[in-house]
Amino acid sequence: MSSKNHPYHLVDYSPWPILGAFAAMITMTGIIKWFHLFNNNLLLISFVILSLIMFQWWRDITREGTYQGLHTFPVTMGLRWGMILFITSEILFFISFFWGFFHSSLSPSIELGMNWPPKGITPFNPIQIPLLNTLILLSSGLTVTWAHHSLIENNFNQATQSLMLTVILGIYFTLLQAYEYVEAPFTIADGVYGSSFFMATGFHGIHVIIGTTFLLTCLIRHMNNHFSPIHHFGFEAAAWYWHFVDVVWLFLYISIYWWGS
């Protein structure tokens, strides 16, 4: 590696991809066991294994980019395009849920009583918890942008405060959505309305948890001085992902909570 004459990063041999794949298989098996046998022991074990693998894999990538100087400009450009394509695939993933929702709601079939929401379904009031969650996510979009500008201006304290605030808002959103699910007057088994609602909002909730974890990792890295004003793509990727989560929620709120109710 010391005698290479190109700016690209040739990745070292790593056990984490194959171990991560096995952990994902155990997670899937654990979910099936939980659904069929009502026993979540294997699922919890798989979460612990996945967490350990993620920690060690991220540690290795952090070493490569921060301490070994392997994330050169061409490498970070590749990472940027990878993140852009990943977010594009996520957009198409959510389009499928919106497609299913609008297919059922714009022209309700005779089985739905030609009515939307179907008779017997009591939808959520869009100006209660959903509106509060919208304000929380919009505020978190502001704080993550504040953190980004603070990093660029080399303002360590403001970057720490704003990033911490973003993580807190993400956790607050998740807690409110969990409360909303517990108090919901319908379930995922209540026909196409329940399926559309819980699949779309549930997957968005999972993305919020992933985004919060992403930002929390960036906060820990920032506290350890891993970012500089000109070298902080890990944080930029997290901010892009968080803005994507924000925009998807706005579409969810307008279409499913407000128009769909």
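In this structure, Ile95 CD1 and Phe251 CZ are separated by 9.0 Å, a value rounded to the nearest 0.5 Å. His9 contributes atom NE2, which lies 6.0 Å from atom NE2 of His71 (distance to the nearest 0.5 angstrom). A distance of 10.0 Å separates OG1 of Thr72 from NE2 of His6, quoted to the nearest 0.5 Å. Between Ile220 atom CD1 and His222 atom NE2 the span is 12.5 Å, to the nearest 0.5 Å. Taking OG1 of Thr134 as the reference point, atom CD1 of Ile129 lies at 11.5 Å (rounded to 0.5 Å). Annotation: the span from His231 atom NE2 to Leu151 atom CG amounts to 12.0 Å, rounded to 0.5 Å.
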For side-chain contact (heavy atoms from CB on, under 4.5 Å), just list the numbers for Leu138 and Leu250, CA-CA rounded to whole Å, side-chain angles, deciding distance to a tenth of an Å, and then say yes or no.
CA-CA 9 Å; Leu138 289 176; Leu250 286 176; 4.2 Å; yes
Take Thr212 and Val208 through the side-chain contact (heavy atoms from CB on, under 4.5 Å) test and state the conclusion after the steps.
CA-CA 6 Å; Thr212 306; Val208 170; 4.0 Å; yes
Verdict with reasoning, Phe227 to Phe156, per side-chain contact (heavy atoms from CB on, under 4.5 Å):
CA-CA 10 Å; Phe227 298 135; Phe156 184 88; over 6 Å; no
Could you go through the ring pair (Phe, Tyr, Trp, His ring centres under 6.0 Å) check for Tyr257 and Phe197 one step at a time?
CA-CA 9 Å; Tyr257 282 101; Phe197 177 87; 5.4 Å; yes
Derivation and outcome, side-chain contact (heavy atoms from CB on, under 4.5 Å), residues Leu43 and Phe47:
CA-CA 6 Å; Leu43 183 63; Phe47 282 162; 3.9 Å; yes
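The aromatic rings of Tyr241 and Phe86 lie parallel to each other, their planes meeting at an angle below 30°, with 60° marking the opposite boundary. Ring geometry for Phe94 versus Phe97: interplanar angle over 60°, hence perpendicular rather than tilted (30 to 60°).
A 4.5 Å side-chain heavy-atom check between Ile210 and Thr213 finds every atom pair outside the cut-off. Looking at heavy atoms from C-beta onward, Arg221 lies out of side-chain contact with His232 at the 4.5 angstrom threshold. Side-chain atoms of Leu92 and Ser89, non-hydrogen and from C-beta on, never get closer than 4.5 Å to each other. Counting heavy atoms from C-beta on, the side chains of His226 and Phe235 never come closer than 4.5 Å. Residues His148 and Ile152 have side chains in contact (heavy-atom distance under 4.5 Å, counting atoms from C-beta outward). A 4.5 Å side-chain heavy-atom check between His207 and Trp249 finds every atom pair outside the cut-off. In this structure the side chain of Tyr193 never reaches within 4.5 angstrom of the side chain of Ser105, judged on heavy atoms. The side-chain heavy atoms of Leu252 and Phe98, taken from C-beta on, include a pair separated by under 4.5 Å.
The distance between the ring centers of Tyr253 and His204 does not fall below 6.0 angstrom. Taking the six-membered ring for Trp and the full ring otherwise, the centers of Phe124 and Phe186 sit less than 6.0 Å from each other.
Here the options are Val248, Asp246, Val247, the test is side chain to side chain contact (heavy atoms under 4.5 Å, CB included), and the partner is Leu137; only Asp246 passes.
Here the shortest heavy-atom pairing between Pro74 and Tyr8 reads CB-CE2, 3.7 Å. Taking all atoms of both residues into account, the shortest heavy-atom contact from Ile256 to Ala200 is CD1-CB, 3.7 Å. Ile53 approaches Leu19 most closely through the heavy-atom pair CD1-O, 3.4 Å.
Here the side chain of Ser162 pairs a donor or acceptor atom with the backbone of Ala159 at under 3.5 angstrom. No donor-acceptor distance shorter than 3.5 angstrom exists from the side chain of Gln177 to the backbone of Phe173, with no hydrogens or angles considered. Counting only distance, with no hydrogens or angles, the side chain of Asn39 and the backbone of Asn41 share a donor-acceptor pair below 3.5 Å. Side chain of Asp60 to main chain of Trp57: no donor-acceptor pair is present (N/O by atom type, distance under 3.5 Å, no hydrogens or angles).
A 6.0 Å sphere centred on CH2 of Trp34 holds no more than 12 heavy atoms belonging to other residues, nucleotides or ligands. The number of heavy-atom neighbours closer than 6.0 Å to CG of Leu52, taken from other residues, nucleotides and ligands shown, is above 12. Residue Trp258 qualifies as open at atom CH2: its count of foreign heavy atoms under 6.0 Å is 12 or below. The 12-atom threshold is exceeded at CG of Leu85, counting heavy atoms of other residues, nucleotides or ligands nearer than 6.0 Å.
Checking Tyr181 against Thr201 by side-chain atom types alone, a donor-acceptor pair falls below 3.5 Å. At a cut-off of 3.5 Å, with distance as the only test, no side-chain donor of Ser104 or Trp116 sits close to an acceptor on the other residue.
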